[in-house]
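To find a chain, count down the sequence lines: A is the first, B the second, and so on, and within it residues start at 1.
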2 protein chains.
Amino acid sequence: MSTLKSRLRGQSKRITGPRAAILEILRKHPHPLANKEIFSEMPAGHCDLATIYRSMHLLERMGMVKRFDFGDGVARFELVGENDDGHHHHLVCIRCSEVVEVDECFPEEIEREIAAKNRFKGVTHKLEFFGICPDCQ
Amino acid sequence: MSTLKSRLRGQSKRITGPRAAILEILRKHPHPLANKEIFSEMPAGHCDLATIYRSMHLLERMGMVKRFDFGDGVARFELVGENDDGHHHHLVCIRCSEVVEVDECFPEEIEREIAAKNRFKGVTHKLEFFGICPDCQ
DNA sequence: TCCATGTTGAAAATCAATTGCTTTTTGGGG
DNA sequence: CCCCAAAAAGCAATTGATTTTCAACATGGA
């Protein structure tokens, strides 16, 4: 949370109730959360949904959260750890939507080859796995 | 086109102007097209956008087109070749949106490991690369 | 404490995609 | 070649996620 404060201050952004609440909610959830889910986790006098959308953009720009796309038209966010760029992938059950974090990543050498072959710079990737979880089989 | 006819007939679906036009447009475009792009490529008395949306669902279900998601909230489609499941990936320029087809794929062995480790069945993946193309650097 | 500026709430606006419903087409049968 | 039921298209309205507008409000440095 101190990280949040210093980073926000560094950009003359303010520490507000909604922002702190959002980070608190993300901190206690191990999986990517949709804005609506964050919204419904909001304690009591919850804030406006638009505020959550705005906050997520801010936090994403600051590199404090990472956006994930499971292809269902809903953006989900995860807190990014201290010394971590948040780059990782997921295995999602197409039946129940259970999400498992995946440690494996696309091989760097191959990515470099792809970049070189096409003369692209700054190449990254988005990768998510889909399947049927043990409970849904 | 003959494939289209036989496949459509086989499911008591009809061969209509809009469907033929859509496939014709996809055939002459080597890259994934958004529904709106297909719409604007429509000759003269173009059909309704809703018809394109409905047709894409049908063609996707029939395995004649493949849906791709570049993370910008717009679905794009590509024609699937005869003896091909259409599974491949793209390298997209984040500046000008140029798209290059990528032959490389996520290593099967690793995908199998991921599936096994988590006891998931029927695991597949969505993978797209992003970077800056030669012209935009 | 005061003030400039960043933020929020609330409602309206966007945008892609979907759906309801009426009118047209398509294609097998006569 | 014409008829008809079913499939498909046109068109308008709707949904859902996300964004924006704008007035009211809160934060933090002076």
Nearest whole Å is fine: how far is C/dA16 C1' from B/Met56 CE?
15 Å
Taking side chain to side chain contact (heavy atoms under 4.5 Å, CB included) as the criterion, tell me which of A/Ile22, A/Asp84, A/Leu59, A/Val65 meets it with A/Leu79.
A/Val65
Between B/Arg19 (CZ) and D/dA7 (C1'), how many Å, whole number?
8 Å
Rounded to whole Å, the CG-P distance (A/Leu49 to C/dG9) equals 10 Å
Pair A/Arg67 + A/Glu60: basic N to acidic O under 4.0 Å:
yes
Rounded to the Å, how far apart are A/Asp48 CG and C/dG6 C1'?
17 Å
Just the rounded figure in Å: distance from P of D/dC11 to CD1 of B/Ile52.
13 Å
Quickly work out the B/His57 NE2 to C/dT19 P distance and round it to whole Å.
8 Å
Ring pair (Phe, Tyr, Trp, His ring centres under 6.0 Å) assessment of A/Phe120 paired with B/Phe129:
CA-CA 10 Å; A/Phe120 269 57; B/Phe129 299 90; over 10 Å; no
Quick check on contacts: within residues 66-75 of chain B, what sits under 4.0 Å from DNA chain C by heavy-atom distance?
B/Gly73, B/Val74, B/Ala75
Give a yes or no answer on whether the side chain of B/Thr51 reaches the backbone of B/Cys47 with a donor-acceptor pair at less than 3.5 Å.
no
For residues 120-137 of chain B, pull every pair meeting side-chain hydrogen bond (donor to acceptor under 3.5 Å, both in side chains), keeping only residues two or more places apart or in separate chains.
B/His87-B/His125, B/His89-B/His125, B/His90-B/Glu128, B/Glu111-B/His125
Where protein sits on nucleotides 20-30 of chain D, one letter per nucleotide: B base, S sugar-phosphate only, - none, heavy atoms under 4.0 Å:
BB----BBS--
Most 5' of A/Leu58 and B/Asn35 on DNA chain C, judged by nearest nucleotide:
A/Leu58
Residues A/Lys117, B/Glu104: salt bridge by 4.0 Å N-O rule:
yes
If the threshold is 4.0 Å, N to carboxylate O, is there a salt bridge linking B/Arg112 and B/Glu109?
no
Under 3.5 Å, side chain of B/Arg76 to main-chain N/O of B/Ala34, donor-acceptor pair present?
no
Could you tell me how far apart A/Glu60 (CD) and D/dT19 (P) are, to the nearest whole angstrom?
10 Å
Verify, without hydrogens or angle tests, whether A/His31 (side chain) and A/His29 (backbone) share a donor-acceptor contact under 3.5 angstrom.
no
